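Here the structure comes first, spelled out in structure tokens, and everything after it is commentary.
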Amino acid sequence: MRTDLFTDPVDGLDEALSAVDAFDRALVSGLLRPQPDQAAGLAALAAAVAGTPLAAPVAEAADKAAAGAAGEDHLMALAAARTALMGSVHDALTERAADITGRPRAERNTPDATVDEPGANVLAAARAWLCDLARAGWQGIDHDLVAGAAPVVSAMLPDLRLRRQATLLDGFAAELAASCPGATLDRVPVRRWADLWTRALLLTLPGAARTPDLSTATGRLLPLGVDVQEHATAVQAQVHAVFEPADGTEPRLVRAAVSAPKPDTVVGAGLWQLLRPRMSLLAAAGECRTMELNGMPVTDEGDLVWDDERARTGEPVDPFGTARVILSTAIDPVTAPLDRHPARIAVPVLLEGYTVGDEGDGRLTFALAGHRLAVDTDRIPAAGPLTPEVVAASGACLGLLRWDAGEFVLQPLAVETTVRKKAVAVHAGAWAGGTTDKAGVRAEKAATDSVAVLRERAGKLLRA
């Protein structure tokens, strides 16, 4: 592993992000009556894509937007330019990550030219609302403007092909509504809201949210770890694994995710009660067992479209053994074009022989061969036995290499440490299939009680 590349600068990275930041700042005040500094931000975005196929439409769009006369097509061109820049940053960082790990990358397939265009009218309505947001700016939002998303989301939800866009719009509108009126905001999440706006706008284009091409996977799945992402009203668990095809071709890295809505009173280990019934892989990952797949659908990006009927639990397996023997040769998946964003980078790695340090601000670091890597302990879920203290006492770590705030960081998924003079492995997803751990049992019981109370209250409301 090339640990010296953790901190080496990436050519062109700062310039691309600077152009993105300049455009993002222009959205804060809105594009209805742009000021000179906003015009400069728009010009910076156009300059960053000069010499590319986007150059002419983006230059025209920047001029129109600077004059306060941007139409939907112009705003779409600006969103495309921003996405292209973030995609270039993503590509540069994934190439750097590949240089660090030394693993091969899969070849990108040319997508099917067939365009699935569901709900053209409702997508046009979503596009119009998003353009109104850009004109008003984050400081110009109010409840009336934000409420315009509600009928669009309601029209999208019945169509499963539009569920992705509906979920994004609904969540975005909820964040904006919680911040209204925008004129009173002390702090604006500039990058985040620009990310959400850009992605939502591009997903209104015909074919942008097409169903991914699927193949089938038959062979052995070896789980590496579970990444848990929790919000107030939803939770997702994503299992990272190595897949060994039955036909003897090269192993490759894959993922399988399951999501569920949740009440805000269900936290910690109680989350598994919501997720566990939806995917048998969670129990296998928690118990460190393989799974035998037979014709499991999988996308070109390495995402398994999980079907319990196409999987059965296999023999016990040590994820650290898997990482030591197979991980270095497993093929990294490609990323779908619209998913190319630095925040999406999550590269499985195994680190050993490091020295644990502290930056003085409470952040852990791993030092390897004289090079330091920050450890993102904030991403460790409360739904498992892994804690920052356990990570600090570890000698080996299986985790995800991510990019955050201008540097590579490591999100621990599991560690090897010593407990009572015995070497043990501690996994963030160890409670996914159930647990006898006292803390986990207490958390699951509390969650069960909370869900029972909520069901009782819901029943009373329905009977009323």
Side-chain angles (χ1 to χ4, degrees), residues 72-73 75-76 79-80 82-84 86-87 108-133 146-176 195-217 229 231 233-238 254-262 274-275 278-279 281 295-310 333-341 343-344:
E72 287 187 4
D73 290 345
L75 293 174
M76 187 67 73
R82 185 186 186 278
T83 299
M86 294 303 278
R108 185 185 302 279
N109 293 329
T110 302
D112 190 343
T114 302
V115 174
D116 183 19
E117 189 177 352
N121 291 338
V122 72
L123 288 176
R127 189 158 54 247
W129 178 74
L130 289 162
C131 289
D132 286 343
L133 277 183
V146 174
V152 179
V153 172
S154 297
M156 284 182 171
L157 284 174
D159 190 336
L160 291 178
R161 297 170 299 173
L162 296 176
R163 192 66 57 84
R164 181 184 187 189
Q165 293 97 314
T167 302
L168 175 57
L169 280 180
D170 191 37
F172 187 23
E175 285 194 24
L176 295 174
D195 279 341
L196 293 173
W197 176 82
T198 303
R199 184 169 180 79
L201 188 59
L202 290 180
L203 285 178
T204 66
L205 288 174
R210 67 177 184 85
T211 302
D213 296 329
L214 297 176
S215 56
T216 57
Q229 300 166 19
H231 299 277
T233 59
V235 61
Q236 180 186 73
Q238 187 175 60
V254 295
R255 302 171 295 254
V258 58
S259 305
K262 79 173 191 69
L274 305 176
L275 298 169
R278 299 168 181 253
M279 190 168 73
L281 177 57
M296 184 72 71
V298 59
T299 70
D300 290 341
E301 290 77 40
D303 291 301
L304 298 170
V305 183
W306 194 261
D307 180 359
D308 276 347
E309 297 297 320
R310 299 176 183 271
V334 296
T335 305
L338 284 183
D339 292 340
R340 293 161 54 243
H341 190 287
R344 296 292 299 266

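All values derive from a computational prediction rather than experimental measurement.
- Atom CZ of Arg127 and atom CG of Leu203 lie 11.5 Å apart (nearest 0.5 Å).
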Inset, instruction - Go through the steps for Leu157 and Leu162 under the test side chain to side chain contact (heavy atoms under 4.5 Å, CB included), then give the verdict. - result: CA-CA 7 Å; Leu157 284 174; Leu162 296 176; over 6 Å; no
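- Val258 and Leu275 make their closest contact through O-CD2, 3.7 Å (heavy atoms, listed as atom of the first residue, atom of the second, distance).
- Proximity of Leu168 to Leu196: side-chain heavy atoms (C-beta onward) are separated by under 4.5 Å at one or more points.
- Taking CZ from Arg255 and CD from Gln238, the interatomic distance works out to 6.0 Å, rounded to the nearest 0.5 Å.
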Inset, instruction - Under the side chain to side chain contact (heavy atoms under 4.5 Å, CB included) rule, what do Met86 and Thr83 come out as? Steps first, then yes or no, please. - result: CA-CA 5 Å; Met86 294 303 278; Thr83 299; 5.8 Å; no
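- Under the rule for a side chain to side chain donor-acceptor pair (under 3.5 Å), the partners of Trp306 that lie at least two apart in sequence or sit in another chain are Asp308.
- Remark: Arg310 CZ to Leu304 CG distance equals 12.0 Å, nearest 0.5 Å.
- One finds a salt bridge joining Arg199 and Asp339 here, because a Lys/Arg side-chain nitrogen approaches an Asp/Glu carboxylate oxygen to under 4.0 Å.
- In this structure, the side chains of Thr335 and Arg344 stay at 4.5 Å or more apart for every pair of heavy atoms.
- The line from CE of Met296 to OG of Ser215 is 12.5 Å long, rounded to the nearest 0.5 Å.
- Thr204 and Ala126 make their closest contact through CG2-CB, 4.0 Å (heavy atoms, listed as atom of the first residue, atom of the second, distance).
- To the nearest 0.5 Å, atoms SG (Cys131) and CE (Met76) are separated by 6.5 Å.
- Counting heavy atoms of neighbouring residues, nucleotides and ligands inside a 6.0 Å radius, atom CG of Asp73 does not exceed 12 of them.
- In this structure the side chain of Leu176 reaches within 4.5 angstrom of the side chain of Leu133, judged on heavy atoms.
- Within the 4.5 Å cutoff, side-chain heavy atoms of Arg163 are placed close to those of Leu160.
- Note that OG of Ser154 and CG of Asp170 are 8.5 Å apart. Values are rounded to the nearest 0.5 Å.
- The backbone N or O of Asp195 lies less than 3.5 Å from no partner atom in the side chain of Thr198, so there is not a single donor-acceptor pair.
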